[in-house]
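Please read the structure below before turning to the comments.
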2 protein chains.
Amino acid sequence: MGRSGRFSADLGTDGDEVCRTLAMSSELEALRQRFIERAGQITQSIGIGRVIGQSFAHIYFSPEPQTLDDLTQALQISKGSASMSVRQLEQWGAVRQVWIKGERKDHYEANDDFGRIIRRALLDLIGRRMETTDTLLEDSEAYIERGNGAPRDPERAFMERRIKKMRHFRDRAQHIWDSSVLRLLLK
Amino acid sequence: MGRSGRFSADLGTDGDEVCRTLAMSSELEALRQRFIERAGQITQSIGIGRVIGQSFAHIYFSPEPQTLDDLTQALQISKGSASMSVRQLEQWGAVRQVWIKGERKDHYEANDDFGRIIRRALLDLIGRRMETTDTLLEDSEAYIERGNGAPRDPERAFMERRIKKMRHFRDRAQHIWDSSVLRLLLK
DNA sequence: GAGTTCGTTCAATCCGTATTGAACATATTG
DNA sequence: CAATATGTTCAATACGGATTGAACGAACTC
């Protein structure tokens, strides 16, 4: 009988759920809760939603791979939330799906290489934003270029200076971003 | 009469306002608007509110120092918003107050040293967050330390590994933060 | 000192976005 | 194939934080 006993009908509703997380000492469990709560606060404060952080922390601090149902129960969130948060985490490589023989639900375990996770997330969140501002800067430079022989008014000269400063900063920021920050975080 | 003409009663409502910003070519003005809008989008997306970015961009792209009233009119925001955003910008050194002889309103001009501005803002926004997580990590380590001679259960050993990994990452992040990122941005 | 002009504050409100959950799609079982 | 179990989607909603604006205080004017 053993492992396959989970299919016996007499257990009723969700009798198999109790085995997913072994009982922890209450103090250890309290710390675990605090980590989860804190992770939620962090992700919320950087604007990617509370459940993302909570979900990751829950999986990270679970010895066994966790299912969506585990998340809905542990964090008191909806099925939809659990699904979306896990998919986002997967996209950043923060969790990976593991197959457990004989189980139908999807199980997820945490990646503990934080450097890679944050690198991917930052690339995703910030990387694309830099591009969108470029067109505006280029339009401005085109405008300046175009009117180079035109009569000089102070208004125009002022804008020219400001735009050049922006370009200068933008290029330096790009350089720092590309060469330093990401490389440092990775290894 | 000239400059003091602003006190003459016949001008009524806000006749003096028209002189604050010289008329720009409509194309230049359009670019200016796009910069302001874009700045608002950026600051909003990083979670510090839209008006902060808009206010800074407006001041940055104005040849003359700007007043709170200028902001409320140009950005269509309330007096309160203008006041709060400028105070925040001042705290980060993004704008500074300048005194204009014979004027009662406060005037602000933009700092164009973006490196310093961002450095200060990041220190303010992120710096303090790192501290708050520390206590939790320290509590966890204290717990581990305390029970060092106790009977080993796998649950506990697992948590111990995870907490150690967190600590390791946390220290490295702190190091990168302190030594690299801020220094790079500054000069 | 009464009357203005400005800047600040903070409770009330508004708005955007995170979250929900019912409906749907897909896979699995007997 | 019907029945069940699971994951996903997205329109509706709920919630939190941004924004407002009335009330206040401070500084100035006559």
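The sequence lines fix the lettering, A, B, ..., with proteins before strands; numbering per chain opens at 1.
Rounded to an integer number of Å, the gap from CG of A:L68 to P of D:dT9 is 12 Å. Nucleotide D:dT9 holds its P atom 8 Å from the CE atom of A:M84, rounded to whole Å. Atom CD in B:Q88 sits roughly 15 Å away from atom C1' in D:dT19 (whole-Å rounding). Rounded to a whole Å, the CD1 atom of B:I46 is 16 Å from the C1' atom of D:dG17. One interatomic measurement links the two molecules: CD of A:E103 to C1' of D:dG7, which rounds to 16 Å at whole-angstrom precision.
Pairing each heavy atom of A:L71 with each of A:I77, the nearest pair is O-CG1, 4.0 Å.
For B:A39, the side chain to side chain contact (heavy atoms under 4.5 Å, CB included) partners at least two apart in sequence or on another chain are B:A57.
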Polar atoms only, N or O, under 3.5 Å: list the protein pairs with nucleotides 23-28 of chain D and their distances.
none

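Here chain B contacts DNA chain C (any atom closer than 4.0 Å to a heavy atom, that is under 4.0 Å), and the contacts span C:dT5 to C:dC10 from 5' to 3'.
Sorted by first then second residue, the salt bridge (Lys or Arg N to Asp or Glu O under 4.0 Å) pairs that include residues 36-51 of chain B, not counting sequence neighbours, number zero.
Axis orientation changes by 0° from one end of the helix from C:dG1-D:dC30 to C:dG30-D:dC1 to the other, with each end axis drawn from 5 pairs and the value rounded to 10°.
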Do any side-chain atoms of residues 81-88 of chain A form donor-acceptor pairs under 3.5 angstrom with protein atoms, and if so which ones, sequence neighbours left out?
unit_1: A:S85; atom_1: OG; unit_2: A:S55; atom_2: OG; d: 3.0
unit_1: A:S85; atom_1: OG; unit_2: A:S81; atom_2: O; d: 3.3
unit_1: A:S85; atom_1: OG; unit_2: A:A82; atom_2: O; d: 3.1

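With respect to B:E27 and A:R146, a salt bridge is recorded, a charged nitrogen being found less than 4.0 Å from a carboxylate O.
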Note to self: Before you tell me yes or no, could you show the steps for B:Y60 and B:F114 under ring-ring contact (aromatic ring centres under 6.0 Å, His included), namely the whole-Å CA-CA distance, both residues' side-chain angles and the distance that decides it to 0.1 Å?
What the structure shows: CA-CA 11 Å; B:Y60 181 77; B:F114 293 108; 5.4 Å; yes
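Taken together through direct or relayed side-chain contacts under 4.5 Å among Ile, Leu, Val, Met, Phe, Trp and Tyr, A:F56 and A:I42 form parts of separate hydrophobic clusters.
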